[in-house]
Amino acid sequence: MRHLHLTATFARRRAAPPATGASALDEGRGYPGAQPDRGATPVCHLSPHTRPRAPGLLRQAGSRLLLLILALALGPLLVACAGLRPEEPRRAPAGTLRWSLEGVSDITRLDPARLSGNQENIPIYLIFGGLVRLNDRLEVIGDGAERWTVSGDGTVYTFYLRPGLKYGDGSPVVAQHFADALARTLAPATGTEFALTFLQNIIGAREVRAGNAASLAGVRALDERTLEVRLDSPRGYFLSQLTYAITYLAPPGAIEAAGAAWLDRAFGTGPFRVVEHLPAQGLVLEGNPHYWAGPPGVERVEFRLFPNTDAAFSAYQAGEVDVMGSVQAGVPAARLAETANLPDFQTISTPVARYVGFNNTQPPFDNLYVRQAFAQAVDKERLVARVLEGSATPAWRILPAGFAGTREPIAPLAFDPVGARAALGLAGYVSGAELPPVTLTYESGDADLGRVAGELQRFWRESLGVDVRLDPVPRQTLIDRLDALVVNPRAPDAMQMYLSVWGADYPDPQNFLSLQLHSASPYNNGRWTNARFDALVEEADRMSGRGEQAERFRLYRDAEQIAINEVGWLPLYNPLVTLAIRPTVRGLTPTVSPQGIVAVDWTQVRIEEGQ
């Protein structure tokens with residue numbers, strides 16, 4: 001069960017510009033994670049502190065001809081780098097930004113190669129950096145790399161590091177460090193199986209994961225500032241993958257050398273570095289004076305830990321924190337009314353899917369018609385309106401609403417009690433009472449999920465006559481049982497049906513469809529299989545050219561339709577999440593990136609007084 005969550009931002013109160021949304025993706029005008037033109041054409045990524053400046057001569061009267069010549073000469077550059085905003089005058093860092101982490105009892109590690117839950121990972125994105133990152137519109141932009149090129153066949157990426165890139169202790173970063181960091185992420189002593197799933201298309205990844213090689217054959221430093229990454233096949237989502245923190249850079253050997261003391265001094269190439277770890281209380285960061293973009297505009301960030309979102313929301317109301325919420329931890333549904341008409345609260349859609357998964361290897365859910373019957377018995381609109389009080393939108397497909405590729409239409413399995421009973425009949429059951437005992441397992445610590453489970457139980461009783469037993473378990477127990485389901489789905493104690501969640505790690509359909517439902521994926525917990533689905537997503541995964549995006553999305557759509565028809569998942573709803581940023585804070589933007597709230601430019605973040 002994964003966390004994280006990226007797609008175009010849809011704010012209820014302040015909508016993001018549409019140019020990078022799904023329409024731009026499907027019409028081929030550019031897309032989050034867009035590849036540069038083939039033939040090793042470089043992508044322009046000017047530093048936000050670098051601006052073309054006209055010579056003083058052009059400021060004199062009578063220079064219109066020269067101005068015209070300069071406009072013609074700089075026109076392509078200005079178009080290519082459109083969207084760069086004039087920076088505000090830089091001021092000395094000031095103030096402490098107080099940020100809540102909900103549902104976290106302690107920060108136990110700070111290592112991008114060994115990520116934890118969504119909330120625990122939020123500090124990772126402030127301390128460490130990678131080659132590239134996402135901006136507030138979820139476009140891939142340069143981070144440690146100022147630019148990159150891609151070979152004509154889409155398999156060779158060449159990254160050019162920023163001059164003078166340094167760690168938080170002032171030591172220099174060289175290209176070999178990135179090569180070593182990727183190998184460390186995959187190494188059996190450090191990495192996880194997810195790391196291999198994530199990075200398996202880099203040549204040599206499997207050998208490193210197996211312990212048969214110490215370095216990646218497909219990654220090499222061409223010089224101190226140039227890194228080459230070779231893939232075994234073109235992958236249209238590779239740049240987006242590199243924005244996920246698992247690919248970020250830690251100082252070579254520093255984590256191992258520091259041991260437990262690393263929690264009190266962690267640093268990378270990000271805008272902040274750790275000052276102090278307070279066990280069971282939080283984490284204190286200070287601005288990184290060596291950050292490539294310049295010192296952050298706030299002096300410190302204090303992450304404060306809260307047992308749940310209700311406690312964090314109360315702390316926000318009491319003025320104890322300035323920032324509250326992420327894509328998986330917003331204002332509790334029961335308290336949303338308290339945020340009405342307040343400008344510091346924004347509600348955004350999330351690239352998160354809540355769904356029911358089925359064990360496809362055991363009766364009764366090894367029968368397609370039984371799965372269809374259970375799907376058609378669920379009234380998603382009633383579920384969202386009555387139980388979630390409008391804090392979610394019904395999910396008619398596997399990809400979250402507004403996600404890349406969702407302009408391609410899907411025919412959903414809609415609420416149809418008559419059709420549900422007919423499907424049960426096709427499965428050979430006259431009534432639901434003839435089914436073997438059925439149990440729905442779900443996480444016990446979330447009150448909203450308990451209410452959702454109860455409503456599903458009512459739907460299945462009313463439409464099918466099935467009395468489903470509810471099985472609430474702690475989160476870690478659910479995770480362990482999901483893992484066990486992959487290993488041995490036919491075990492006598494294997495789950496039959498479970499309420500789960502997936503949030504995007506990066507903005508591409510591959511992160512939902514291929515990663516979750518391909519028959520060979522280790523994240524296909526329910527072991528649903530369909531050969532045609534596999535063939536479609538494999539073909540789409542290999543397409544990487546910008547001109548291929550429309551066809552690529554059509555292939556994903558066709559695969560998704562198969563998964564909907566055969567109920568590989570029963571998608572229920574896409575949560576809406578309400579986040580809070582105090583009006584005195586400037587420069588932070590709510591998004592559906594892994595940390596939820598981001599700064600486009602940390603040097604411009606401010607805490608104003610007297611507001």
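All residue numbers in this chain count up from 1 along the given sequence. Any value given below was found using the heavy atoms of this structure, including those in side chains, with hydrogens, waters and symmetry copies removed.
- Here the closest non-hydrogen pair linking Met324 and Ile597 is O-CD1, 4.3 Å.
- At distances below 3.5 Å, at least one donor-acceptor pair connects side-chain atoms of Thr350 with backbone N or O atoms of Pro575.
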> For Val352 and Asn574, what are the C-alpha separation, side-chain angles and deciding distance, and is it a side-chain contact (heavy atoms from CB on, under 4.5 Å)?
Replying inline: CA-CA 6 Å; Val352 174; Asn574 305 126; over 6 Å; no
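- With a 4.5 Å cut-off on side-chain heavy atoms, Glu120 and Leu115 do not count as touching.
- Two residues are said to be in side-chain contact when any heavy atoms from C-beta on lie closer than 4.5 Å; Leu97 and Val585 meet this criterion.
- A distance-only check finds no donor-acceptor pair linking the side chain of Asn201 to the backbone of Leu231 [under 3.5 Å].
- Taking 4.0 Å as the cut-off between side-chain N and carboxylate O, Glu228 and Arg230 count as a salt-bridged pair.
- With a 4.5 Å cut-off on side-chain heavy atoms, Leu249 and Phe128 do not count as touching.
- The minimum heavy-atom distance linking Ala266 with Leu110 is given by the pair CB-CD1, 3.8 Å.
- Side-chain contact between Val323 and Leu579 is absent, with no heavy atoms from C-beta onward closer than 4.5 Å.
- Between Trp502 and Tyr523, the ring planes are tilted. Angles from 30° to 60° get that label.
- To the nearest 0.5 Å, the span separating OG1 on Thr591 from CG on Asn135 amounts to 9.5 Å.
- Side-chain contact check for Gln241 and Thr243: no donor-acceptor pair (N or O, by modelled atom type) lies under 3.5 Å.
- The two residues Ala392 and Tyr573 come nearest to each other via the heavy atoms CB-CD1, 3.5 Å.
- Without hydrogens or angle criteria, Asp322 side chain to Arg98 main chain gives a donor-acceptor distance under 3.5 Å.
- Summarising the geometry of Gly142 relative to Arg133, their closest heavy-atom pair is O-NE, 3.6 Å, with the distance given to 0.1 Å.
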>> Test side-chain contact (heavy atoms from CB on, under 4.5 Å) on Ile348 and Val577; report intermediate values, then the result.
In response: CA-CA 6 Å; Ile348 61 174; Val577 63; 3.6 Å; yes
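- Using a distance-only test at 3.5 Å, with no hydrogens or angles considered, a donor-acceptor pair links the side chain of Asp223 to the main chain of Thr226.
- Using a cutoff of 4.0 Å between basic side-chain nitrogens and carboxylate oxygens, Glu302 and Arg304 are scored as salt-bridged.
- Distance check, rounded to the nearest 0.5 Å: CG of Asp480 to CG of Leu485 gives 12.5 Å.
- Of the possible donor and acceptor atoms, one in the side chain of Asn511 sits under 3.5 Å from a partner among the backbone N and O of Asp505.
- With respect to Glu146 and Arg162, no salt bridge is recorded, no charged nitrogen being found less than 4.0 Å from a carboxylate O.
- Other residues, nucleotides and ligands place no more than 12 heavy atoms under 6.0 Å from the CD atom of Glu224.
- Summarising the geometry, atom CE belonging to Met543 is positioned 10.5 Å from atom CZ belonging to Phe553; distances are rounded to the nearest 0.5 Å.
- For Ala312 against Glu102, the heavy-atom pair with the smallest separation is CB-CG, 3.4 Å.
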> What do the steps show when you test Phe403 against Phe512 for ring-ring contact (aromatic ring centres under 6.0 Å, His included), and what is the final call?
Replying inline: CA-CA 10 Å; Phe403 202 71; Phe512 273 85; 5.4 Å; yes
> Passes side-chain contact (heavy atoms from CB on, under 4.5 Å), Leu536 versus Leu513? Steps please.
Replying inline: CA-CA 10 Å; Leu536 287 167; Leu513 300 175; over 6 Å; no
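- Here the side chain of Arg265 pairs no donor or acceptor atom with the backbone of Arg273 at under 3.5 angstrom.
- Between the side chains of Ser514 and Asp541, at least one donor N or O sits under 3.5 Å from an acceptor N or O.
- Counting all heavy atoms, side chain and backbone alike, Ala187 lies closest to Arg209 at O-NH1, 3.6 Å.
- A donor and an acceptor atom, one from each side chain of Ser544 and Arg542, are nowhere located under 3.5 Å apart.
- Counting only heavy atoms from C-beta outward, the side chains of Asp232 and Thr155 never approach each other to under 4.5 Å.
- Partners of Phe267 according to the ring-ring contact (aromatic ring centres under 6.0 Å, His included) rule, which considers only residues two or more places apart in sequence or in another chain, are Trp262.
- Counted by atom type alone, Asp508 and Ser240 present zero donor-acceptor pairs between their side chains at under 3.5 Å.
- Ion pairing of Glu256 with Arg184 is present here, as a side-chain N (NZ or NE/NH1/NH2) and a carboxylate O approach within less than 4.0 Å.
- The closest side-chain heavy-atom distance from Thr185 to Thr247 is not below 4.5 Å.
- Salt bridge annotation for Glu560-Arg557: absent, with no cationic side-chain nitrogen under 4.0 angstrom from a carboxylate oxygen.
- Side-chain contact between Trp602 and Val298 is present, with at least one heavy-atom pair separated by less than 4.5 Å.
- Below 30°, between 30° and 60°, or above 60°: for Tyr355 and Tyr498 the angle between ring planes is above 60°, a perpendicular geometry.
- Taken from CG in Leu182 to CG in Leu216, the straight-line distance is 6.5 Å, to the nearest 0.5 Å.
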>> Determine whether Ile141 and Leu134 satisfy the following criterion, side-chain contact (heavy atoms from CB on, under 4.5 Å), listing intermediate values before the conclusion.
In response: CA-CA 6 Å; Ile141 61 173; Leu134 294 172; over 6 Å; no
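- Atom-to-atom distance recorded for Phe194:CZ and Tyr244:OH is 5.0 Å, nearest 0.5 angstrom.
- Arg225 places a side-chain N or O within donor-acceptor distance of the main-chain N or O of Leu161, the cut-off being under 3.5 Å.
- Within the 3.5 Å criterion, the main-chain N or O of Trp528 finds a donor-acceptor partner in the side chain of Asn524.
- Each of Tyr248, Phe303, Trp99 was scored for a ring-ring contact (aromatic ring centres under 6.0 Å, His included) with Tyr125, with one residue passing: Tyr248.
- Judged by distance alone, with hydrogens and angles left aside, the side-chain atoms of Asn525 form no donor-acceptor pair with the main-chain N or O of Gly357 at under 3.5 Å.
- Between the side chain of Asn121 and the main chain of Ile124, no donor-acceptor pair closer than 3.5 Å is present.
- Note that the CG atom of Asn288 and the CD atom of Glu286 stand 8.5 Å from one another [nearest 0.5 Å].
- Partner of Phe238 under the ring-ring contact (aromatic ring centres under 6.0 Å, His included) criterion, chosen from Phe159, Tyr506, Tyr157, Phe198: Tyr157.
- Residues His277 and Asp106 have side chains that bring a donor and an acceptor to within less than 3.5 angstrom of each other.
- In this model, a donor atom of one side chain and an acceptor atom of the other lie less than 3.5 Å apart for Ser326 and Gln119.
- Contact of the Pro123 side chain with the Leu101 side chain is registered, since non-hydrogen atoms from C-beta on lie closer than 4.5 Å.
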